[in-house]
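Single-structure report; data block below.
Order of the sequence lines sets the chain letters (A, B, ...), proteins ahead of strands, with each chain counted from 1. Worth knowing before you read on, the calculation uses all heavy atoms, side chains too, and leaves out hydrogens, waters and symmetry mates.
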Amino acid sequence: MNCWEVLGISPTEDQHQIKKAYAHAATLHHPEDDPDGFQVVYRAFKQAMAFAKQSAKMSARLSVNREAVIPSSNERVSPQIQEENSQEQPDFDTSLLQGAASAEKNMASCQSAVGVETNSQGDECDYEGVILRGKAEEKKKIKAVLERMDLNYQKRKCSHSAKMWKQCFSSAEFLSLRGNEEFTSQFLTYQMDHIDIKPFDWVRVFAPMFREWLYYWPVGELSEKFHFLLRQRNKYGFVKKPTTRRTAKIRFVSIFLCVLVLYGAIGAILGRNNSNSKNSSSMPSVSVPVFKLSPNTELGYLFEIEDVLIGAENHTDYSKLQKKCEDLGVSREKYEQMQAEYAAGDKKSFDRDQNEIIDRNSKNRSSSSGKITAQSEPAAEKQGPD
Amino acid sequence: MAVIGIDLGTTNSLAAVWRDGKSELIPNSYGEYLTPSVVSVDENDEILIGKVAKERLITYPDRTASSFKRYMGTDKTYSLGSHTFRAEDLSSFIIRQLKADAEAYLKEPVTEAVISVPAYFNDNQRSSTKLAGVLAGLTVERIINEPSAAAIASRDEEDSENTFLIFDLGGGTLDVSIVETFENIIEIIAISGDNHLGGDDFNAAIAERFYHTYPELSSVLTTQERNTMLRLTERCKIALSSQSMAGFVYDYHGKQYEMMLNQEQLIECCASLFVRIEKVILHALRDSGKTVDDIDEIVLVGGSSKMPSIQKYLEHLTGRKLISRVSPDYAVAIGAGIVSGIKSRSDGVKDLVLTDICPFSLGVDVWDDAAGKAVFDPIIERNTPLPTSNIHTFCTRRDYQKSIEMSIYQGESLNVENDLLLDKCTIRVPSATAGKNPIKVCFTYDINGILDVEVQPAPGAKPYKKLIVNENALSKVEIEQHLAELREMKLNPDGQDENSLLLARGERLYAENSGQIRNAVAEGLNGFRTALSQHKILEIERTKRRLSEMFDRIEEANFGLNEEGLV
């Protein structure tokens with residue numbers, strides 16, 4: 001039930017009408033008789049008023065824009081109004097200088113953003129309805145995704161849970177909700193309440209995804225929550241255990257024992273087949289590639305590449321990202337575009353891009369393998385979250 | 001069975017009741033609405049309240065208490081005669097008196113009450129006020145903020161949409177609130193206030209000026225003489241409301257000290273108080289998100305707002321017209337009466353809806369790693385509409401921490417030392433590594449302004465419930481005991497008639513004056529006492545009339561400087 005339904009009116013900008021509807025609803029749910037019902041009414045009233053005020057503000061700006069656009073009406077704009085608006089919007093002067101076309105465009109975008117009905121365009125769309133419907137749909141979607149997650153959570157001890165999570169996170173609904181603040185917030189709250197996800201799932205699915213999502217929320221509350229969640233786990237996905245005196249002692253003893261056993265075992269092997277030892281040491285030294293770039297990688301490709309690009313810790317550092325992108329010869333725009341394409345499920349172009357990178361990288365490797373290994377080391381170190 | 005609304009003021013208290021579709025003030029035995037909030041204990045260990053007690057403030061300062069509202073919810077005790085009282089007890093005597101007056105007026109028992117408190121009263125003070133009502137034998141239905149009550153009383157029923165600023169300057173407190181009314185809705189948008197700024201401070205400021213003029217007096221005066229001085233300055237201040245210049249003469253051991261004040265001098269010596277007033281008003285406006293232009297009217301409430309210097313200052317500050325639809329002295333009581341009507345769902349106010357807010361932030365202290373110390377984390381922000389509930393999630397700081405210590409604060413400062421500590425508690429948490437365990441803290445602030453805290457140490461764990469308990473307050477058993485004790489204490493029934501008032505007044509005048517006047521007062525009092533003991537009704541009436549005329553003349557003479565010549 002949205003706020004308009006509670007108040008029993010159709011969406012409106014008219015504050016007076018909202019107040020009237022609220023007054024009527026409040027008498028039906030009087031705080032002395034029905035405190036809970038009144039809370040609902042009161043909240044709806046606040047929401048409706050916030051909407052109306054925002055719309056009024058925007059339409060005020062629109063009307064100013066409109067007057068600025070029409071040259072003949074320039075004289076009508078009294079200096080007082082101009083002054084007022086320049087206080088509100090410091091860059092108003094520059095917008096005055098812009099061409100009529102861009103102002104028109106601006107106006108149109110404003111309209112769709114707040115849903116203000118204007119007659120100047122001639123077409124009267126039901127913007128409010130569209131927005132409200134969109135919001136309701138979004139809410140439904142969020143609920144569905146969270147429910148699906150909950151189902152997965154219930155089955156988290158299954159052996160194939162990682163696959164289930166991946167399926168869940170690569171579903172179209174989920175991908176379309178990326179960057180939605182409300183969803184992210186709900187999702188994070190859910191995560192914080194259910195921290196006991198399998199370490200394997202965490203490393204393979206959650207950690208990379210969170211790191212990617214941090215792009216959308218570089219600062220603020222959500223970012224803090226992400227960091228909090230990431231801090232919860234060590235790089236292998238286990239919930240971090242502290243080094244107390246006792247654990248340190250146990251660790252020391254166990255390492256000591258391991259070394260002893262290993263020493264004994266190696267000694268035994270060396271003693272038994274002395275001739276084979278040379279063979280084993282003459283294995284060809286292969287520099288292990290940092291990331292696999294097989295085109296078959298389903299999910300996590302982007303995440304893995306990202307890990308290597310920027311290091312797990314500094315993933316929000318845009319300048320570093322830029323630099324790394326340049327190093328690899330991919331522009332950041334390109335990179336983001338790839339991400340978007342991937343999100344949209346445009347596999348073909350994605351594969352093409354991917355192949356390009358692989359080609360370029362293989363060239364790089366052949367020309368200067370030293371560079372790659374140098375790159376690999378810090379990345380490998382920084383793979384897990386701190 | 002009636003419900004009354006009580007305005008329990010710092011200097012005066014009064015009660016109102018919802019009857020016949022309007023809020024009606026209840027007169028006391030003198031036929032007046034205002035009962036001074038003064039309590040005195042007489043020689044027979046009986047309690048005197050109101051006007052008589054006020055007269056005894058000067059003659060028996062060690063047996064009389066006033067302005068105790070300022071110490072509600074604190075440990076401060078008053079020893080009057082052989083008794084020791086807390087501020088709650090003294091307030092309960094006042095409420096008992098008001099209740100008795102109401103019962104006499106309504107001719108039916110009064111069992112329930114709505115009591116108003118300053119908006120800035122904290123949790124402890126509210127609980128203490130509630131306790132005072134319980135001690136007086138009333139069920140306290142609702143604790144309501146004074147500005148909200150004043151807003152209800154000052155509502156213009158014809159004007160449909162209105163935004164006004166309520167300026168409530170009482171004896172001891174200042175509350176400024178921004179209120180919006182439309183249809184049947186009264187919405188408090190923001191409240192700001194100063195708990196220690198009121199008419200008493202103006203009296204003290206004038207007295208301070210007097211001591212400044214006569215420095216030889218400032219160090220030698222006793223408590224009794226200082227009380228006399230405050231009384232003189234109060235009357236001087238009130239006189240300044242109706243005339244441009246006023247003064248008083250203080251007689252100290254035969255030597256006369258006089259002081260004259262005009263409006264400018266009054267403003268001059270109270271300058272710091274005016275600055276504080278401005279601060280509070282700006283704060284309220286800022287919180288409400290409105291500007292002065294959005295305010296339609298300013299409503300004056302509280303006795304001290306009758307001062308012309310304050311009214312001029314407000315007009316100068318805001319440029320709005322000042323109104324008071326009901327007398328500033330009565331607005332809060334009338335509002336409380338209306339609320340009692342709403343509460344009992346009476347006709348006429350059935351549909352009236354009042355939404356109040358929490359005037360301060362409430363929260364807990366949390367460890368801030370960056371700052372390296374505990375900081376305040378507000379869970380309920382100020383100016384949140386009531387009732388409200390909010391949850392914050394915290395986690396442990398150390399590994400395998402066994403328990404957390406949570407302190408609940410009220411205030412606006414990030415630094416917890418500057419905030420008011422309401423309560424402390426220790427909660428056991430399941431052993432886990434640092435930061436693993438989410439601890440949910442839920443604050444619920446109800447419509448009476450009473451805080452309820454619930455802590456859930458782990459998901460699924462049993463929540464730990466806590467109602468804030470005032471550490472200074474009494475436990476339940478103590479309350480029972482106390483109630484029995486107080487019941488035994490009788491309010492002096494004779495203390496309310498005019499005869500004892502006249503006697504108390506005479507004693508005060510005797511103490512205030514010297515020489516011939518003193519002798520005349522003593523003679524008159526003796527004659528009156530003789531007449532009283534002989535039970536001759538005609539004689540008593542005649543002496544009474546003569547005596548009160550004489551007292552009036554003496555008071556005029558003491559205070560007559562402003563009427564003769566000097567203006």
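- B:Phe376 is linked by a ring-ring contact (aromatic ring centres under 6.0 Å, His included) to nothing, counting only residues two or more places apart in sequence or in another chain.
- Within 6.0 Å of CZ in B:Arg19 there are more than 12 heavy atoms belonging to other residues, nucleotides or ligands.
- Counting only heavy atoms from C-beta outward, the side chains of A:His30 and B:Ile342 approach each other to under 4.5 Å.
- Other residues, nucleotides and ligands place more than 12 heavy atoms under 6.0 Å from the NZ atom of B:Lys290.
- The shortest heavy-atom contact between B:Asn184 and A:Ala23 is OD1-CB, 3.1 Å.
- With salt bridges taken as basic N to acidic carboxylate O contacts below 4.0 Å, none links B:Glu161 and A:Lys20.
- Looking at B:Arg142, only its side chain comes within 4.5 Å of chain A, counting heavy atoms on both sides.
- Heavy atoms closer than 4.5 Å to chain A are found in the side chain of B:Thr355, but not in its backbone.
- Every side chain to side chain contact (heavy atoms under 4.5 Å, CB included) that B:Arg397 has, sequence neighbours left out, goes to B:Trp367, B:Gln401.
- For the 3.5 Å distance criterion, the side chains of B:Glu187 and A:Tyr42 qualify, holding a donor opposite an acceptor.
- The local environment of NE2 in B:His392 is crowded, with over 12 non-hydrogen atoms from other residues, nucleotides or ligands closer than 6.0 Å.
- To the nearest 0.5 Å, atom OG1 of residue A:Thr27 and atom CD1 of residue B:Ile185 are 7.5 Å apart.
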